[in-house]
Amino acid sequence: MYTYVTKKMQALAILNAIEDSSWMDAYRISVDTETTSLNPYEARLLLISISTPSDNYVFDMTKLSVAMFKQVLENPHIIKLGHNLTYDYKIFYHHGIALQNMHDTMITDRLIHAVGYKMGFSLADVTKRRLGITRDKSIRDGFINKTNSFFSEEELLYAAEDTSYLHPIYEQQMTEMKKLGLMRVYQLEMSIIAPTAMMEYTGVYVNKDLLSQMKHPFEEHIRIANKALQDLFIAHGAADTIVFSKDGYYCVNTNSTQQIKDMLARVGVNIPTLNVKDVQRWELEQKKSKKKKTDDFSYFDIIDDEEIANAIDQYPGVENKYLRALGFLKGARILLNTFIYGILDRIDNTTGRVHPSFNSLGAMATGRYSSTRPNFQNIPTDKKLQLLGLGAYSIRNCIEASQGKRIIIADFASIELVILAALSNDQHLLEEILRGDVHTFVVREVLNYKDITPQNKKKEPHKFWRDAAKTLSYGIAYGTTGRNISETLNVMLASQGYKITPQDGDALIAKWYSLFPTTANYLNANARKAVLDGYVTDAWGRRRNWDRSTFIDKWKRFAAEREGKNAGIQGSSATMTKRAIQLFWERADKTKARMIICVHDEIVVEADEEYTEQACALLKEAMEQAIKEVLPNVAHDVGKYEGTSVDPKVSVRYDK
DNA sequence: TGGGTTAGCGCG
DNA sequence: AAAGCGCGCTAACCCA
């Protein structure tokens with residue numbers, strides 16, 4: 001049963017009645033919008049569906065004005081239920097309405113489930129799972145690009161049902177969250193819907209011309225590296241057929257892992273996989289068995305462009321010259337296709353900006369944000385471009401503050417070890433991190449390299465050891481194994497002439513654990529908890545869950561142990577960032593400063609030039625307060641030491 | 001032809 | 001045989 005509302009007087013009467021109910025404790029309505037587009041700048045509002053706990057209304061927005069909804073939707077005493085409210089927030093904001101007091105049934109279900117495997121969270125999925133009702137999504141899809149203003153009985157009923165289901169879903173969710181101790185993180189998640197929606201709505205200014213200028217040099221690098229590989233395979237007799245086209249000739253599609261592996265086998269390089277990690281593993285084996293070289297040639301003999309030949313020659317990671325050229329080619333290709341064409345294609349026609357989606361529980365197992373279309377959490381650093389011999393260009397520098405504004409970048413510097421130490425309440429580790437230099441300590445005590453001092457730690461060869469110590473400590477926070485850490489360290493320390501066996505790796509982890517037994521206990525306890533209880537929690541009670549029935553497979557169990565060690569750390573880090581986002585949202589002038597990107601432990605804000613100083617201060621304050629609230633046992637030290645102080649940087653672009 | 005998966009690589 | 005955590009995107013590949 002629902003009421004189809006087309007007349008202004010009728011609509012006002014209904015909205016007034018809802019407003020009158022707001023004196024009730026925790027009075028709630030559910031809200032949904034049907035629009036012609038998912039882009040808030042283009043979307044035409046077709047229907048607004050509202051359900052109270054007892055009645056369903058479908059408002060025909062082709063006949064009614066959205067302004068009359070302002071009072072109800074902004075009323076802080078009325079809870080607004082919705083599925084994926086980030087979207088509805090943007091739609092209403094575009095019409096001058098800022099939703100208040102939201103309960104998002106999609107985010108809440110993600111929070112409750114929080115598992116490491118793929119699960120559906122569309123309204124249809126949640127309705128099916130919780131109420132056993134199957135929904136036909138095709139009716140909803142019919143609203144997109146709708147040109148007329150006639151609504152069928154079926155469409156109206158569908159809209160009304162959608163909102164009516166949200167009430168029983170809400171009741172289930174609240175009961176479950178209270179039982180699971182999730183209320184604190186739930187409040188946090190709901191409070192960042194608005195800043196998340198506004199981050200998407202605001203978008204990021206990208207200098208189109210600057211980014212476009214990068215196409216040609218990247219294409220040249222790719223063309224030359226590709227030609228070099230073709231020539232090599234042909235010269236070494238690996239080519240069956242050579243195809244000639246207007247762009248030159250080729251014997252293999254260098255994009256195809258399968259074809260490349262076949263070609264490599266023909267020139268004597270028999271390798272199972274081509275990713276860097278496996279290649280490094282394979283190369284170590286080759287060295288051990290003293291196989292004779294199959295790549296006895298120079299890039300300078302086959303590549304005319306000296307600079308590119310040199311860049312490939314210097315490209316780090318792997319030794320074998322076929323594989324190195326291939327790695328170089330793949331690196332250049334991903335940058336061109338994903339980040340240059342990919343971002344250019346996403347510049348919005350209406351705003352001239354790029355509007356990525358930020359999914360506040362995209363990393364649904366851990367609590368971190370994810371970013372899509374495009375992903376703004378994996379923009380290459382300038383170092384990557386330098387390695388490709390393209391250091392004259394920068395993708396990050398194409399992301400600019402718009403006219404009269406500034407970009408502010410602030411991150412929690414190396415917060416994960418602080419979190420690990422604080423969660424473990426390991427006074428010794430905290431002491432080393434906060435008042436000393438834990439990596440230098442690990443160099444001396446675990447790696448047994450004694451020449452390092454606080455003064456020379458940034459100079460070679462001491463820096464090598466410090467980097468290795470850093471890798472070991474972070475590896476431990478990720479639940480690394482002896483075998484893995486030995487391989488990683490072998491690559492890092494190869495130039496120093498050191499070799500580490502998997503057994504040595506085990507010994508390093510054991511030594512690290514023996515120096516910080518309290519932290520070791522925390523990590524091992526969480527590994528056990530993941531397996532025995534099927535969940536672990538972060539500092540504010542955020543849970544990550546595992547399906548314990550899979551643990552009869554010991555490899556699944558081992559994976560859960562590693563994940564269990566890391567989940568509390570990564571979850572707490574996400575909680576900290578989100579708390580900072582909320583505090584900044586509460587305190588900053590939203591018309592003068594807005595978050596535009598969030599990369600896990602980094603918050604990027606675009607602010608009016610004259611408001612920059614104040615925005616920096618507010619951001620620093622919000623982030624440092626977040627550290628204190630998430631890690632109360634280090635609150636006393638916050639702001640005093642490198643690991644617990646935040647130092648926002650101001651620029652006209654996203655440079656880091 | 002179209003959807004789902006895999007391999008590889010970008011970031012924290 | 002499987003072995004560091006968390007993500008998303010592109011091209012190739014696989015199958016219907």
Side-chain angles (χ1 to χ4, degrees), chain A residues 114 116 118 253-261 272-279 281 317 323 326-343 345-346 356-359 361-381 383-385 387-388 395-396 411-416 420 471-489 502 505-506 509 523 526-527 530 544 553-571 573-574 577 597-603 656:
Chain A
K118 280 204 172 130
N253 179 355
T254 49
N255 269 320
S256 165
T257 309
Q258 195 52 57
Q259 290 182 35
I260 282 288
K261 271 196 285 194
T273 49
L274 296 175
N275 70 72
V276 173
K277 189 89 202 167
D278 288 345
V279 168
R281 204 168 279 168
L323 298 171
L326 192 65
F328 178 93
L329 176 58
K330 279 193 169 289
R333 267 198 180 128
I334 197 159
L335 260 52
L336 177 64
N337 293 328
T338 304
F339 300 105
I340 298 179
Y341 286 116
I343 291 175
D345 287 347
R346 294 282 178 193
S357 290
F358 284 91
N359 184 344
L361 285 176
M364 56 183 182
T366 62
R368 299 213 299 200
Y369 272 97
S370 73
S371 164
T372 61
R373 294 180 308 169
N375 182 353
F376 258 36
Q377 292 181 323
N378 68 345
I379 306 295
T381 59
K383 195 184 169 202
K384 193 75 214 173
L385 281 83
L387 294 178
L388 291 166
I395 293 171
R396 288 173 108 96
D411 65 5
F412 292 107
S414 57
I415 195 71
E416 293 207 326
L420 174 60
T471 300
L472 175 64
S473 295
Y474 276 93
I476 282 169
Y478 291 151
T480 191
T481 58
R483 177 178 154 229
N484 188 276
I485 199 68
S486 70
E487 282 167 352
T488 308
L489 291 180
D506 287 333
I509 296 169
L523 289 169
N526 266 358
R544 172 171 180 167
D553 177 348
K554 68 172 177 180
W555 296 108
K556 292 244 163 66
R557 198 169 69 243
F558 291 163
E561 287 175 349
R562 293 192 302 275
E563 290 155 6
K565 285 179 178 176
N566 182 247
I569 304 168
Q570 211 178 110
S573 165
T577 301
I597 302 172
C598 172
V599 194
H600 312 310
D601 66 347
E602 169 187 289
I603 296 170
K656 206 189 140 196

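A, B, ... follow the sequence lines: proteins, then strands. Residue 1 opens every chain.
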Does C:dG8 have a Watson-Crick or wobble partner in any strand here, with both distances under 3.5 angstrom, and which is it?
-> B:dC9
For the student: nearest non-hydrogen atoms of A:L387 and A:F328, plus distance = O-CE1, 4.3 Å
In whole angstrom, give me the gap between the P atoms of B:dG10 and C:dA2.
-> 25 Å
Is there a donor in the side chain of A:R333 and an acceptor in the side chain of A:T254, or the other way round, less than 3.5 Å apart?
-> yes
Mind calculating the distance between CD1 (A:I476) and C1' (C:dA3) to the nearest angstrom?
-> 15 Å
Between CG of A:D345 and C1' of C:dC9 the distance, given in whole Å, is 13 Å
Apply the test side chain to side chain donor-acceptor pair (under 3.5 Å) to residues A:S573 and A:R368: give CA-CA distance (whole Å), side-chain angles for both, the deciding distance (0.1 Å), then the verdict.
-> CA-CA 8 Å; A:S573 165; A:R368 299 213 299 200; 5.5 Å; no
Base, sugar-phosphate, or nothing for A:T488, non-hydrogen atoms under 4.0 angstrom?
-> nothing
Taking atom C1' in both C:dA1 and B:dC9, what distance in whole Å separates the two?
-> 25 Å
Any N/O donor-acceptor pair, A:R562 side-chain to C:dG4 base, under 3.5 Å | no
Among the nucleotides C:dG6, B:dG12, C:dA3, which one has an atom lying closest to any side-chain atom of A:R396?
-> B:dG12
Counting side-chain heavy atoms from C-beta on, which of B:dG10, B:dC11, B:dG8 comes nearest to A:N375?
-> B:dG10
Take A:L420 and A:L523 through the test side chain to side chain contact (heavy atoms under 4.5 Å, CB included) and record every step on the way to the result.
-> CA-CA 9 Å; A:L420 174 60; A:L523 289 169; 3.7 Å; yes
d(CD1, A:I597; P, B:dC11) in whole Å | 14 Å
Which one, B:dG8, C:dG6, C:dA11, comes nearest to the side chain of A:N255?
-> C:dA11
For A:Q259 and A:N253, indicate whether the former's side chain and the latter's backbone hold a donor-acceptor pair under 3.5 Å.
-> yes
Nearest of C:dA2, B:dG8, C:dG8 to any side-chain atom of A:S370?
-> C:dG8
Spacing of A:E602 atom CD and A:H600 atom NE2 [to the nearest 0.5 Å] | 9.5 Å
N/O donor-acceptor pair, side chain A:R368 with base B:dG12, under 3.5 angstrom = yes
Hey, does A:Q570 reach any base, or is it just sugar-phosphate, or nothing, if we go heavy atoms under 4.0 Å?
-> base
State the pairing partner of C:dA16; accept Watson-Crick or G-U wobble contacts with both distances under 3.5 Å, and report none otherwise.
-> B:dT1
How far does the C1' atom of B:dT5 sit from the matching atom of C:dG4, given to the nearest Å?
-> 24 Å
Note: contacts of residues 331-338 of chain A with DNA chain B (heavy atom, under 4.0 Å) are A:G331, A:I334, A:L335
With the side chain defined as heavy atoms from C-beta on, A:P380 is closest, among C:dC5, B:dG10, C:dA12, to B:dG10
With nearest nucleotides of DNA chain C determined for A:T471 and A:A365 from heavy-atom distances, which residue corresponds to the more 5′ nucleotide?
-> A:T471
When rounded to whole Å, the CD1 to C1' distance for the pair A:I379 and B:dC9 reads 14 Å
Are any of A:N566's side-chain N or O atoms less than 4.0 Å away from OP1 or OP2 of C:dC5?
-> no
Gap between atoms CZ and P, on A:R544 and C:dC7 respectively (whole Å) | 7 Å
Quickly work out the A:K261 NZ to B:dG8 C1' distance and round it to whole Å.
-> 11 Å
Please answer whether the main-chain N or O of A:P272 pairs with a side-chain N or O of A:D278 as donor and acceptor at a distance below 3.5 Å.
-> no
Name the nucleic acid region contacted by A:K384, choosing base, sugar-phosphate or nothing; use a 4.0 angstrom heavy-atom cut-off, strictly under.
-> sugar-phosphate
When all nucleic acid strands are considered with a 4.0 Å heavy-atom cut-off, which category describes A:T372: base, sugar-phosphate, or nothing?
-> sugar-phosphate
What nucleic acid atoms does A:S573 come within less than 4.0 Å of, heavy atoms only: base, sugar-phosphate, or nothing?
-> nothing
Return the nearest nucleotide to the side chain of A:Y474; candidates are C:dG4, C:dA12, B:dC9.
-> C:dG4
Could you state the interatomic distance from CZ (A:F376) to OH (A:Y369), rounded to the nearest 0.5 Å?
-> 16.0 Å
Looking only at C:dC9, C:dC13, C:dG6, the nucleotide nearest the A:S256 side chain is C:dC13
Would you state whether a donor and an acceptor, one from the side chain of A:N378 and one from the base of B:dG10, lie under 3.5 Å apart?
-> yes
In terms of side-chain geometry, is the basic nitrogen of A:E561 or A:K565 positioned less than 4.0 Å from the acidic oxygen of its partner?
-> no
Starting at atom CD1 of A:I569, determine the distance to atom C1' of B:dG12, rounded to an integer number of angstrom.
-> 14 Å
Interatomic distance, A:F376 CZ vs B:dG12 P [rounded to whole Å] = 14 Å
